[in-house]
Amino acid sequence: MSNEHRSESPRPFRPDIVAFFCNWCTYTAADLAGTSRMAYAPNVRIIRLMCSGRIDPQFVLAAFRQGADGVLIGGCHPGDCHYQEGNYKALRRYKLLRRLLKSMGIEEERLRLEWISASEGEKVKRVINEMTEELRRLGPLRLAPKPQARRTRLVPVAGGVP
Amino acid sequence: MSKPKVGFYWCASCGGCEEAVVDLAETILKVVDAVDIVFWPVALDFKRADVEAMENGALAVSFVNGAIRTSEQEEMAELLRAKSQLIVAFGSCSHLGGIPGLANLHHQAGIFRRVYQEAPSVVNPENTVPQWRTEVPEGTLTLPVFHDTVKSLDQTIDVDYYLPGCPPPVKLIVGAVMAILENRLPAKGAVLAPDIALCHECPRKDSKPEKLLIKEFKRPHEMLTDSRQCLLAQGLLCLGPATRSGCEAPCVGANMPCTGCLGPTSHVKDQGAKVLSALASILDSNDEEQIEARLDDIVDPVGTFYRYSLPASFLYAHPSANGGPQP
């Protein structure tokens with residue numbers, strides 16, 4: 001799967017969402033949605049982290065480069081962070097990252113942050129469904145193809161380097 | 001026994017890297033004693049044909065600076081790769097794409113319009129722009145093709161080592177040359193500089209507060225900078241935390257924040273994302289509206305975070321650079 005080589009398919013576009021959920025609130029809520037047998041769009045791949053403050057902006061950009069059409073970040077409500085301030089850090093990074101994405105020609109809507117507490121299984125379902133619809137409307141993410149670093153040709157060094 | 005042969009070449013660059021070689025001052029005499037410089041277009045009269053006439057691997061090492069934008073640069077990089085036992089990407093442009101790499105934000109037509117028509121210093125009433133092929137009575141004239149995007153050297157050829165910096169600091173150049181001569185190079189693919197963030201060798205390190213928090217981001221011309229205190233603590237966008245050390249922080253010494261030219265350490269894949277992460281973390285506000293207002297002070301996020309590394313980043317280029325929709 002890659003945003004660079006995806007061909008036009010006759011099937012309807014099925015967006016891929018990578019979701020980073022914090023262990024204490026949003027991931028637990030997703031678990032609750034599951035045990036409550038709620039059905040939500042199957043387009044999401046959830047990655048659990050201990051805190052939304054652990055989300056390195058590199059993770060988000062790597063997800064886009066590797067084929068995600070959207071990235072969803074889920075953390076505890078303001079004031080509820082297990083580590084006190086991690087979700088505020090996530091908020092500030094998210095705000096700045098959206099600006100960066102916009103400058104790089106990527107629709108800001110492709111990155112979404114939601115505060116979802118452990119009891120809000122219903123909200124997990126709603127947010128994932130909404131985001132899937134939104135991405136379907138936006139269509140596939142098309143990034144500029146990136147040339148791979150050349151690491152193929154090893155030049156034998158006769159008798160070692162001078 | 002003949003001395004090892006060395007080549008220098010420049011691609012999309014400003015000439016500052018050549019200047020860095022001159023900055024070696026008398027040390028260059030030691031280098032010249034130890035090697036034969038057989039190709040260096042900026043200083044010597046050897047031509048491409050002279051390189052083509054060499055056997056493969058005849059050059060012990062070639063130092064290539066500049067990013068890759070045109071077909072000619074690509075051809076020369078490939079030629080030097082074939083003729084050299086070692087290729088060292090020399091300087092930020094060759095290492096990560098550098099300042100020319102920021103052109104990946106723009107479509108080729110837009111770049112030509114700006115450079116050949118709109119720029120205030122341009123007088124071009126006939127709208128002459130470079131053509132790849134021009135028919136004249138004597139035949140066809142050609143120019144190198146201007147590619148859609150700017151690439152780093154290792155996105156073009158296999159690179160053995162990297163000498164980072166804009167330009168590479170003299171100390172690192174000497175260290176690299178000595179390592180090559182004394183055959184004590186690290187594993188292939190290494191960046192020949194310390195693998196730790198600049199803050200560790202910053203002269204203002206001790207003035208960094210235990211918990212670094214700033215109320216607002218500022219630009220150097222908007223304030224009187226304290227010449228002793230940590231620049232980040234003063235609100236300046238100093239990229240030291242996300243930049244490799246090895247330069248001994250001359251910019252900080254001159255009261256200017258680090259702009260990140262040595263690139264990231266080996267632990268980081270995307271320098272701009274790490275800069276963004278660090279700056280967002282230390283902004284002292286938990287209020288959404290206030291955060292937005294403070295972030296307005298960062299007028300050019302891409303140009304600030306990726307000043308030297310856009311082609312090496314995850315996103316690489318604006319989609320319009322490759323013929324996608326224009327912004």
Side-chain angles (χ1 to χ4, degrees), chain A residues 3-4 53-66 68 78-79 81 84-107 113 115 139-162, chain B residues 3-4 35 57 60-61 81-82 84-87 104-105 148-149 151-152 154-160 180-181 183 185 188-189 268-270 272-274 276-277 279-281 283 285-286 288 291-292 295 298 300-303 305 311-322 324-325 327:
Chain A
N3 278 327
E4 293 162 18
R54 174 65 183 90
I55 299 165
D56 186 322
Q58 289 186 110
F59 300 170
V60 176
L61 301 181
F64 283 129
R65 176 48 75 189
Q66 290 178 41
C81 177
Q84 302 202 353
E85 298 242 330
N87 54 354
Y88 289 116
K89 262 187 191 169
L91 171 69
R92 296 195 293 264
R93 289 180 184 143
Y94 157 81
K95 294 274 185 200
L96 192 46
L97 199 44
R98 295 243 302 189
R99 289 167 184 243
L100 179 80
L101 292 176
K102 193 178 171 195
S103 307
M104 289 303 295
I106 298 174
E107 298 89 348
L113 170 75
W115 308 132
L141 172 63
R142 296 190 191 281
L143 293 181
K146 182 183 173 186
Q148 288 302 305
R150 302 288 163 88
R151 279 276 174 269
T152 46
R153 195 159 48 129
L154 283 164
V155 180
V157 180
V161 182
Chain B
K3 294 190 275 185
V35 303
V61 51
R81 175 68 278 183
S84 312
Q85 294 172 42
L86 288 179
I87 291 279
N104 282 1
L105 287 168
D148 282 345
T149 53
K151 293 188 288 185
S152 60
D154 67 2
Q155 289 166 347
T156 309
I157 57 166
D158 188 34
V159 167
D160 296 286
I180 293 169
L181 291 175
N183 199 8
L185 281 161
K188 181 180 149 92
V268 171
K269 286 181 191 286
D270 188 299
K274 262 328 207 196
L276 182 153
S277 186
L279 293 175
S281 304
L283 180 60
S285 174
N286 290 341
E288 275 204 64
I291 293 169
E292 291 284 9
L295 294 183
I298 303 178
D300 176 13
V302 179
F305 306 157
S313 72
F314 281 120
L315 297 180
Y316 179 66
H318 193 288
S320 71
N322 282 95

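Quick note on labels: first sequence line is chain A, next is B, and so on, each numbered from 1. These values consider heavy atoms only, across backbone and side chains, with no hydrogens, waters or symmetry-generated copies. Here the structure is a predicted model, which means the values were calculated and not measured.
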Original post:
Measuring from B:L315:CG to A:L101:CG, what's the distance to the nearest 0.5 Å?
Top reply: 6.5 Å
Subject >> Closest approach of A:S103 to B:L105 (non-hydrogen atoms, all atoms of both residues) >> reply: O-CD2, 4.0 Å
Subject >> Toward chain A, the part of B:V268 with a non-hydrogen atom under 4.5 Å >> reply: both
**OP:** Just give me the residue among B:G272, B:S152, B:A317, B:P311 that pairs up with chain A most often, heavy atom to heavy atom, under 4.5 Å.
**Re:** B:A317
Original post:
Partners of A:R99 by salt bridge (charged side-chain N to carboxylate O under 4.0 Å, His left out), sequence neighbours excluded?
Top reply: B:E292, B:D296
Subject >> Contacts of type salt bridge (charged side-chain N to carboxylate O under 4.0 Å, His left out), residue B:K151, not counting sequence neighbours >> reply: B:E74
Subject >> Contact origin within A:L61 toward chain B - heavy atom pairs under 4.5 Å >> reply: both
Original post:
Would a 4.5 Å heavy-atom cut-off, applied to side chains only, mark A:P147 and B:Y316 as touching?
Top reply: yes
**OP:** Return yes if some donor-acceptor pair links the side-chain N/O of A:Q58 with the main-chain N/O of B:K269 below 3.5 Å, else return no.
**Re:** yes
**OP:** Select one option (side chain, backbone, both, neither) describing which atoms of B:S285 are under 4.5 Å from chain A's heavy atoms.
**Re:** backbone
Original post:
Who among A:Y94, A:Y88, A:F59 has the most heavy-atom pairs with chain B under 4.5 Å?
Top reply: A:Y88
Subject >> B:S281 versus A:K89, closest heavy-atom pair with distance >> reply: CB-CE, 4.0 Å
Original post:
Crowded around A:K102 NZ? As in, over 12 foreign heavy atoms under 6.0 Å?
Top reply: no
Original post:
Is chain A contacted by the side chain of B:I298, its backbone, both, or neither, given a heavy-atom distance below 4.5 Å?
Top reply: side chain
**OP:** Work out which heavy atom in A:G105 is nearest to a heavy atom in B:H318; give both atom names and the distance.
**Re:** CA-NE2, 3.3 Å
Original post:
To the nearest 0.5 Å, what is the distance between CG (A:L96) and CG (B:L279)?
Top reply: 7.0 Å
Original post:
Distance from B:L276 atom CG to A:L100 atom CG, nearest 0.5 Å?
Top reply: 6.0 Å
Original post:
Under the 3.5 angstrom rule, does the side chain of A:R65 hit a backbone N or O of B:F314 as a donor-acceptor pair?
Top reply: yes
Original post:
Distance-only, no hydrogens or angles: does the A:K146 side chain make a donor-acceptor pair with backbone N or O of B:S313 under 3.5 Å?
Top reply: yes
Subject >> A:R92 side chain near B:L295 side chain, heavy-atom distance below 4.5 Å >> reply: no
